[in-house]
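Note that the structure is a prediction, hence the values are computed from the model and not measured.
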Amino acid sequence: MSSDEKQVAPRSLAEALRAKDDGSLAALLRARPDLITPVPTDLTQLATRAGTRASVIRALERLDRFTLQTAEALAVAPEPADRETLLALLAGDENDPAVVGAFPHALAALREQALVWGPDDRLRLVRTARELLAPSPQHPSPTGLGPTVAEATAGMSPGRIQEILTAAGLPTTHDAVSAVASLTALFTDRARMADLLAAAPPDSLDVLSRLVWGPPYGQVTAEPAARLRWLLDRGLLLPTAPGTVVLPREVALHLRAGRAHRNTEPLPPAVEPAATHRPQVVDTTAAGQAYTSLATIEELLKDWDEGGPTVLRAGGLSVRDLKRTAAALDLSEPVAAFWVELAYAAGLLASDGEADERYAATPAYDEWLELPAAGRWTRLATAWLSGTRTAGVIGGRDTKERTLAALGPGLDRSAAPEVRHRVLTLLAALPEGASASPDSVVARLHWERALRGAASSDDLRARLARWTLSEAESLGITGRGALSAHGRALIGAESSAPAPETDSGAEQASGPGDKLPVHHHRHHPAPPPQPRSPAELASAAARAGKLLAPLLPEPLDHVLLQADLTAVAPGPLQRPLADTLDVLADVESKGGATVYRFTPGSVRRALDAGRSASDLHAFLSEHSRTPVPQPLTYLIDDVARRHGHLRIGSASAYVRCDDDALLNEIIADKRSQGLRLRRLAPTVLAAQADPATLLEGLRSMGFAPAAESAEGDVLITRAHAHRTPPRTAPEPVPDGPPSPDTTLLGAAIRAIRAGDLASTTPHKPTAAAPGRNGTLPRTTSAETLATMQAAVLTGDTLWIGYVNAEGSASQRVIAPIKVEGGFVTAYDHTADEVRTYPLHRVTGVAELADEQA
């Protein structure tokens with residue numbers, strides 16, 4: 001590098017950012033959206049924010065394993081390091097070609113995210129990142145390396161250092177600094193180090209082999225054994241505290257053949273296909289499960305029509321209510337919890353907000369029922385894909401050791417949408433009809449977000465990935481573990497046919513603007529998908545619905561009546577038929593065909609709903625493909641003949657019947673004692689119980705009473721659908737600030753550039769404004785006015801101090817256009833627009849230096 005080039009090398013991260021073009025700044029802000037929340041005033045503030053601990057940790061958490069390993073290697077390299085030194089720490093002496101191919105992309109990613117800055121011969125890691133990744137006794141490095149010779153000998157006596165030089169065969173020096181430099185040079189010289197270690201006893205080499213990959217610290221006694229003494233005398237082990245020794249970093253790197261990591265992983269692990277099915281089989285299987293998901297949600301909310309379980313004081317369902325719901329749906333409790341949470345995420349159920357708060361369907365559920373089946377499915381699928389509530393954690397404990405309940409607080413996991421979308425994207429990259437091995441999916445996710453969890457089966461991202469595979473199958477997004485055609489459309493997959501290199505675990509291009517050669521994607525995976533706008537989500541859902549609709553079964557308008565008082569529905573029924581049959585009969589079994597059973601109680605339920613016996617006969621004749629069996633006809637007529645023979649009203653309650661013998665039978669029955677009945681007249685009994693209790697009591701005794709109004713008319717009881725007031729679906733909890741759109745990025749960059757111009761442009765020194773020292777310029781009102789008027793005539797740009805109405809002070813660079821009436825109208829470079837400022841709020845004005853004006 002020439003001397004001129006060295007002079008323009010940035011001396012700080014702020015200077016490095018200042019040298020970036022707008023496209024590079026946009027890439028930085030897109031990758032780290034927390035940096036513009038709020039928008040920095042200038043590039044110095046942007047650099048300061050980019051170096052804060054919270055922001056750096058968030059950026060490191062989003063690095064893939066190899067890019068993180070590159071940052072870790074730079075943290076143990078001399079500062080500043082050149083590109084060749086950093087590559088050698090990753091590729092080792094053998095110069096691993098896979099590492100060499102992946103290295104440029106990893107380094108570019110670190111530069112793009114402002115974690116690394118400086119030219120190739122002076123690479124620097126952001127100070128906070130170095131503090132987090134560099135090895136120390138309190139925070140061991142993932143590399144397993146220890147301190148350098150200079151760091152380990154910092155407190156050592158000069159005499160002891162000279163003794164080490166002599167034992168290592170080096171000439172003594174006049175001072176400790178040169179002695180440490182001489183020892184470092186020996187340990188970094190491969191040939192001389194090989195000669196030194198060739199003379200080491202085998203036991204001493206065994207000690208080094210146990211420390212070489214970390215941890216580099218070991219314990220020694222006051223009188224070390226001969227094998228340890230040989231190493232200590234030559235500085236191959238250095239004392240750090242009484243009884244503790246460390247393997248210097250330079251020695252470890254020699255023993256590792258120059259590698260900073262034991263296992264460098266430049267390539268993402270391949271997602272292994274577990275099985276392959278015909279795409280048609282996958283799509284039909286997924287469609288069948290999609291229809292089942294709709295039926296499950298309907299059955300759940302139909303069960304809660306009269307008002308669902310009560311809301312716990314802390315929020316959510318009780319364990320008992322979840323068990324009851326699971327039993328009603330004939331599902332396991334974790335699966336039932338998933339469907340309950342999905343209905344809540346889709347806005348189909350909520351708490352009613354009453355004094356005795358209960359869960360119930362929302363008005364949106366009724367609107368949902370009117371949608372075509374494909375439209376109902378896309379509503380569920382998009383709610384699942386973008387929601388952060390995670391049913392899999394139900395039953396676990398929060399940070400305060402409280403049990404996490406279904407529909408309760410504490411279930412949001414902000415990483416869930418990203419993991420779900422990423423898992424489905426990985427499935428989309430496989431050949432059509434191929435399912436993925438769950439372990440390989442988890443391994444891939446660990447590689448892509450190396451810092452967010454250890455490679456174990458119980459960290460959050462691993463569990464989210466496994467839950468995603470299971471839940472996508474339940475929803476019908478996948479079939480037999482493979483992504484369906486409508487599932488691909490839902491996540492916006494461009495093509496169902498993967499590129500050849502994807503089979504080995506590589507990614508496809510991240511977008512239509514990516515023009516890198518294909519082999520680049522083998523070494524550098526696509527960036528995480530950016531959140532889609534509501535319009536994009538709606539468009540993808542519509543495409544998915546169109547693909548799914550032809551695969552869903554058509555609702556039937558008939559059933560098959562059988563002589564054993566059952567009806568078989570060979571498929572899904574049309575809604576009016578299904579609703580009526582649910583009242584007239586009880587569901588006995590579900591599956592591919594639903595079996596309904598007619599009982600006296602179910603027939604009475606239909607009569608209570610206002611149906612007459614003739615209505616029921618006509619309904620069955622119209623919708624049965626088989627003749628109506630005689631036992632069913634007799635059952636309906638028998639229940640109808642007895643229905644309403646007894647009348648119950650409010651006295652507290654009374655029983656009225658023209659047949660006094662029947663009333664005598666009721667009073668004589670021991671089961672009626674709890675109702676405390678007494679005869680008021682030959683055809684009337686009075687009861688202490690309320691009408692509803694009396695009605696149920698007589699029905700349990702085998703009678704078929706009917707309720708009547710105050711006017712003596714029979715009351716018709718129809719199924720009451722309890723609904724909550726209008727409710728909105730729960731909002732997802734974002735994983736940090738949202739990614740900015742193009743408009744916001746452009747505006748933010750203009751504001752930052754303008755603010756940077758105001759803070760860095762040199763100004764002419766004056767008596768009142770002797771130069772920029774971090775304070776606002778100060779001039780008298782007359783000087784301010786005269787300078788403003790002169791600038792209007794000459795077109796000069798000025799630096800002003802301004803205090804707004806709230807009392808906030810700022811500095812701005814303006815080009816005055818007009819001065820009149822106590823106001824100045826000027827083009828404000830800071831805001832990138834024309835503004836008008838009251839002159840009395842301008843603290844002072846200064847002209848810019850000639851070369852900057």
Could you tell me which non-hydrogen atom of [X] sits nearest to which non-hydrogen atom of [Y], and how far apart they are?
X	Y	result
Ala462	Val442	CB-CG1, 3.7 Å
Ala286	Thr478	CB-O, 3.6 Å
Leu404	Gly410	CD2-O, 3.8 Å
Ala729	Ala346	CB-C, 4.1 Å
Ser739	Pro33	CA-CB, 4.2 Å

Donor-acceptor contact present, side-chain [X] to main-chain [Y], <3.5 Å:
X	Y	answer
Thr580	Pro576	yes
Thr382	Arg379	yes
Thr390	Gly392	no
Ser624	Pro627	no
Thr292	Gly288	yes
Ser700	Gly697	yes
Thr285	Val281	yes
Arg449	Arg62	yes
Arg420	Gly387	yes
Arg320	Leu317	no

I'd like a table of donor-acceptor pairs (distance under 3.5 Å, sequence neighbours excluded) in which one partner is a side-chain atom from residues 633-641, with atom names and distances.
residue: Thr633; atom: OG1; partner: Pro629; partner atom: O; Å: 3.4
residue: Tyr634; atom: OH; partner: Gln630; partner atom: NE2; Å: 3.0
residue: Asp637; atom: OD1; partner: His617; partner atom: NE2; Å: 2.7
residue: Asp638; atom: OD1; partner: Arg641; partner atom: NH2; Å: 2.8

The criterion is side chain to side chain contact (heavy atoms under 4.5 Å, CB included); which residues satisfy it with [X], sequence neighbours excluded?
X	answer
Val733	Thr388, Asp412
Thr378	Ala541
Val423	Val419, Val441, Leu445, Ala465, Thr468, Leu469
Ser332	Pro334, Val335

Calculate, to the nearest 0.5 Å, the distance between atoms [atom1] and [atom2] belonging to [X] and [Y] respectively.
X	Y	atom1	atom2	answer
Met701	Glu696	CE	CD	13.5 Å
Ser589	Arg597	OG	CZ	9.5 Å
Tyr344	Ser351	OH	OG	7.0 Å
Glu432	Gln280	CD	CD	8.5 Å
Arg611	Phe619	CZ	CZ	6.5 Å
Asp582	Lys302	CG	NZ	3.5 Å

Under 4.0 Å between a side-chain nitrogen and a carboxylate oxygen: does that hold for [X] and [Y]?
X	Y	value
Glu418	Arg461	yes
Glu448	Arg444	yes
Asp608	Arg699	yes

For this session: Return the set of residues passing salt bridge (Lys or Arg N to Asp or Glu O under 4.0 Å) with Glu473 (not counting sequence neighbours), or none when no residue passes.
Result: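 Expected list: none.
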Does anything in [range] pair up under salt bridge (charged side-chain N to carboxylate O under 4.0 Å, His left out), and if so which pairs, sequence neighbours excluded?
range	answer
residues 287-300	Glu298-Arg376, Glu298-Arg575, Glu299-Lys590
residues 321-338	Asp303-Arg324
residues 556-574	none

Problem set entry | Criterion side-chain hydrogen bond (donor to acceptor under 3.5 Å, both in side chains) against Asp352, the qualifying member of Arg358, His722, Arg727 |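 When side-chain hydrogen bond (donor to acceptor under 3.5 Å, both in side chains) is applied between Asp352 and each of Arg358, His722, Arg727, only His722 qualifies.
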Exercise. Have Thr403 and Arg397 got a donor and an acceptor in their side chains that come within less than 3.5 Å?
Worked result: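 There is such a pair (donor and acceptor under 3.5 Å, judged by atom type) between the side chains of Thr403 and Arg397.
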Exercise. Between the side chains of Asp615 and Ser612, is a donor N or O closer than 3.5 angstrom to an acceptor N or O?
Worked result: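 Short answer, yes.
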Problem set entry | Audit row: Glu357, Thr310, side chain to side chain contact (heavy atoms under 4.5 Å, CB included) steps and yes/no | CA-CA 6 Å; Glu357 198 170 16; Thr310 57; over 6 Å; no
Do [X] and [Y] make a side-chain contact, defined as non-hydrogen atoms from C-beta onward lying under 4.5 Å apart?
X	Y	value
Leu407	Tyr359	yes
Trp339	Leu301	no
Tyr596	Leu584	no

For this session: Let me see the working for Leu342 and Leu380 under side chain to side chain contact (heavy atoms under 4.5 Å, CB included), right down to the final yes or no.
Result: CA-CA 7 Å; Leu342 180 60; Leu380 297 180; 4.2 Å; yes
Problem set entry | Step-by-step side chain to side chain contact (heavy atoms under 4.5 Å, CB included) determination, Leu385 to Leu424 | CA-CA 10 Å; Leu385 191 59; Leu424 297 182; 3.9 Å; yes
Exercise. So Val568 and Gln562, side chain to side chain contact (heavy atoms under 4.5 Å, CB included) or not? Walk me through it.
Worked result: CA-CA 8 Å; Val568 176; Gln562 303 185 108; 3.2 Å; yes
Exercise. Which residues pass the side chain to side chain donor-acceptor pair (under 3.5 Å) test with Ser602, sequence neighbours left out?
Worked result: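 For Ser602 the side chain to side chain donor-acceptor pair (under 3.5 Å) partners, ignoring immediate neighbours, are Thr599.
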Problem set entry | For Ser539, all residues meeting side chain to side chain donor-acceptor pair (under 3.5 Å), sequence neighbours excluded |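 Counting only residues at least two positions away or on another chain, Ser539 forms a side chain to side chain donor-acceptor pair (under 3.5 Å) with Arg543.
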For this session: Start with the C-alpha distance between Thr37 and Asp34, add both sets of side-chain angles, then the distance that settles side chain to side chain donor-acceptor pair (under 3.5 Å), and finish with yes or no.
Result: CA-CA 5 Å; Thr37 309; Asp34 57 296; over 6 Å; no
Problem set entry | salt bridge (Lys or Arg N to Asp or Glu O under 4.0 Å) assessment of Asp586 paired with Arg605 | CA-CA 10 Å; Asp586 299 323; Arg605 187 169 64 228; 2.9 Å; yes
Exercise. Residues in ring-ring contact (aromatic ring centres under 6.0 Å, His included) with Trp377, at least two apart?
Worked result: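 Per chain and number, Trp377 pairs via ring-ring contact (aromatic ring centres under 6.0 Å, His included) with His486.
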